[in-house]
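Dropping a structure here in structure tokens format, bear with me for questions.
Side chains included, hydrogens not; waters and symmetry mates left out as well; all remaining heavy atoms used.
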Amino acid sequence: MATHAKAAAPALFEGSILSRAAGDSFRKLNPVQLIRNPVIFVTEVISALVTVLGLRNLATGAPWGFAIAIAFFLWLTVLFATFAEAVAEGRGRARAESLRRARTETMAKRLPNQADRAIFQPVPASDLTVGDHVLVEAGDLIPSDGDVVQGMASVNESAITGESAPVIRESGGDRSAVTGGTQIVSDWLVVRITAAPGSTFLDRMIRLVEGAERRKTPNEIALDILLAGLTLIFLIAVTTLVGFAQYSGTVLGVPVLAALLVCLIPTTIGGLLSAIGIAGMDRLVRFNVLATSGRAVEAAGDVDTLLLDKTGTITLGNRMASAFIPAPGVNERDLASAIALATLGDETPEGRSILAFARDRHGIAPERPEGATVVPFTAQTRLSGLDHNGQSFRKGAVDSVLAWLKLQTPPAEFTAAVERIARAGGTPLAVARDGRLMGAIELKDIVKPGIRERFAELRRMGIRTVMVTGDNRITAAAIATEAGVDDFIAEATPQDKLDYIRKTQADGRLVAMAGDGTNDAPALAQADVGVAMQTGTQAAREAGNMVDLDSDPTKLIEIVEIGKQLLITRGSLTTFSIANDISKYFAILPAIFVAAYPELGALNVMRLASPQSAILSAVIFNALIIVALVPLALRGVRFRAIGASALLRRNLLIYGIGGIVAPFIGIKLIDMLLALAGLA
């Protein structure tokens, strides 16, 4: 499988991040900010109330130690929750700082007249406007985002992608987009500026990884509503205990009620929820993928249909010529000559391999005739060639060449050869000269090692894989069978992709796809997760809701896995948090009412030292469990390619039962320590 260059990731608990997060956690205590998290906001209000009561008792000489201890650990609960979010933001901020170092103020060479590169005006990059044309030469930094309109050059994009190898950028095609802050290594380019100052791709990356533009996703908002509802329910329940206690002759002080409420409401997931979402986006950024919103990351986790290009994604993409097969009555050398002339304008790797095959096998290496007209390949015609002195040479998809020849019934030998190539998983191309069918070219491609196993994993997760290719149906079927995809679209056009996505979405499925060309833009915009390649056109990058800085379409599979991991982490820790609360009942409720109802002593299964020790131990555990789970929230629960029902069973077994057992052990250990310290 392909390997991906990843952005340098700061250590999970790097000293500089922790020290800054510690300060930020106090600043986040501002109620105006904290009210966005209802569970922790309620905890803060209760902490302030218990603190005031404890200080009042201290001033009046009333017993104050228990109230102050409860208040201290309630404040720790709030601080640990804000600390978790601050650490997650700090990791994103560290990545933003490295990007900001790449954004330097440069001087641009603005061209008053695009046709004359010799005359330019030096201006600050910040003065450039959309539509300006600039000259960038070897050693220059590209001043802003744009499209190449003239020239071809090697560009060092390591400041953005982390990949040290230069890449080729040229006018036309799908490799014309350039990013501000990258550097020209050789040659020159004329670039048309496409981004206003402050709105470049690098500026957007910095804002996004800092979290400034992060918005809560629908799933996160729904969970917030659930947690707020549970908080309100338990608030009412705890309030009613006052009357019940008076009836039974039990005196319940405010610190005890506060401890009970905070231990019952889901403070664990409430404190970690924001950190989980931020960490999910951070994992994508470290994988060199920029998501325009948290919603895109979450959508990746819900995707159940993947559209994958065959060439370069499922196969290695380096199709090589392996045979020339003449049509009946055609000499093989004449076929090779026609193939070579039809391929002279084909600069693709396949075209170069065809010319190399013609040279090595038949000694044919023609030069392009002077005055010849190259017919370029397009997605609509699906053929290319050369016209010269009244002669026409064409090479392309079999059905397209036959349509160009207006030949409805090709020779049986030719048809048999094409079918044989296709059944073997190769790609047949037809060749014609002056209205005559000359024969076929056999191109061979190789399915990437391990891709079949990856698709099997996706299938176990309930994700349907669809291969998209311009090959004919027989070839597509052979590759699809070898790769193990669930479906394929053969002889695909941009409209075919768009129609397939719309039809799949109409059936209630979420679709992800990758693309890089302008013709991919409509499908990228329609897909629920559209991953545009950084090397692609501006239209493609604007249409997608994610941009892959490494321009590796196979990464779409990993993006889905990261999205799944985000959802699994959120679900696992929510399960743990709710299960966690159940155990704390057994610590606090028997301790509160055991004096009035001695029978409740049977529920004191942990044999805690005293009612006060039980309550204080539960509050301490409630605070510590948040900080203990911060590493899991930031790293994410390990992703496993299993089905939904198996995943549910695993979550209930590990995080459900674990959430019940952990408080019993933790609270008992804290109680023993309090007893040793003489505080029980």
| message | Can a donor-acceptor pair be found, under 3.5 Å and without considering hydrogens, that links the side chain of Thr469 to the backbone of Lys310? | response |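 Judged by distance alone, no pair lies under 3.5 Å.
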| Do Arg459 and Asp486 meet the salt-bridge criterion of a basic N to acidic O distance under 4.0 Å? |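 Yes, Asp486 and Arg459 are salt-bridged.
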| Side-chain donor or acceptor of Ser337 paired with backbone N/O of Asp334 under 3.5 Å |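 Pair absent, no side-chain N/O of Ser337 close to backbone of Asp334.
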| Value rounded to 0.5 Å, distance of CZ in Phe414 from CD in Glu419 |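 Separation between the atoms: 10.5 Å.
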| request: Looking only at non-hydrogen atoms, find the nearest pair between Asp528 and Arg509 and report the distance. | output: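 Shortest heavy-atom separation between Asp528 and Arg509 comes out as OD2-O, 4.0 Å.
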| message | Return the CD to CG distance between Glu370 and Asn389, rounded to the nearest 0.5 Å. | response |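 Rounded to the nearest 0.5 Å, the CD-CG separation comes to 10.5 Å.
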| said: Students often mix this up, so state it plainly: with edges at 30° and 60°, are the rings of Phe324 and Phe357 parallel, tilted or perpendicular? | reply: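 Geometry flag for Phe357 against Phe324: perpendicular rings.
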| request: Could you tell me whether the side chains of Thr504 and Asp507 share a donor-acceptor contact shorter than 3.5 Å? | output: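 No, Asp507 and Thr504 have no side-chain donor paired with an acceptor closer than 3.5 Å.
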| query | Are Asp387 and Gln391 linked by a side-chain donor-acceptor pair shorter than 3.5 Å? | reply |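 There is no such pair between these side chains.
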| Does some side-chain heavy atom of Gln505 sit less than 4.5 Å from a side-chain heavy atom of Val511? |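 Yes. Closest side-chain heavy atoms under 4.5 Å.
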| Does any N or O in the side chain of Asn156 come within less than 3.5 Å of the main-chain N or O of Val185, such that one atom is a donor and the other an acceptor? |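 Not at all, since once roles are kept as given, no pair shorter than 3.5 Å links the two residues.
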| task | Look up atom CE in Met467 and atom CG in Leu306, then write down how far apart they are to the nearest 0.5 Å. | result |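 Atom-to-atom, Met467:CE and Leu306:CG are 14.0 Å apart.
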| query | Would you say Ile559 and Val531 make side-chain contact, with heavy atoms under 4.5 Å? | reply |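 Answer yes - side chains close enough.
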| Electrostatic pair Asp302-Lys564, nearest N-O below 4.0 angstrom |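 No, Asp302 and Lys564 are not salt-bridged.
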| Heavy-atom donor-acceptor pair, Thr569 side chain to Gln565 backbone, under 3.5 Å |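 It does hold such a pair.
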| message | Checking side-chain contact (heavy atoms from CB on, under 4.5 Å) between Met513 and each of Thr305, Val529, Ile501, which is the one that passes? | response |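 Answer after filtering Thr305, Val529, Ile501: Ile501.
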| task | Decide yes or no for Val330 and Arg436: does some side-chain heavy atom of the first lie under 4.5 Å from some side-chain heavy atom of the second? | result |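 Touching, per the 4.5 Å side-chain cut-off.
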| Non-hydrogen side-chain atoms of Asp487 and Tyr500 separated by less than 4.5 Å |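 Sidechains of Tyr500 and Asp487: in contact.
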| query | Just by distance, do the side chain of Arg452 and the backbone of Glu482 share a donor-acceptor pair under 3.5 Å? | reply |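 Such a contact is found between Arg452 side chain and Glu482 backbone.
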| field | Lys395 side, atom NZ; Leu429 side, atom CG - distance, nearest 0.5 Å | value |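 Between Lys395 NZ and Leu429 CG, I get 6.0 Å after rounding to 0.5 Å.
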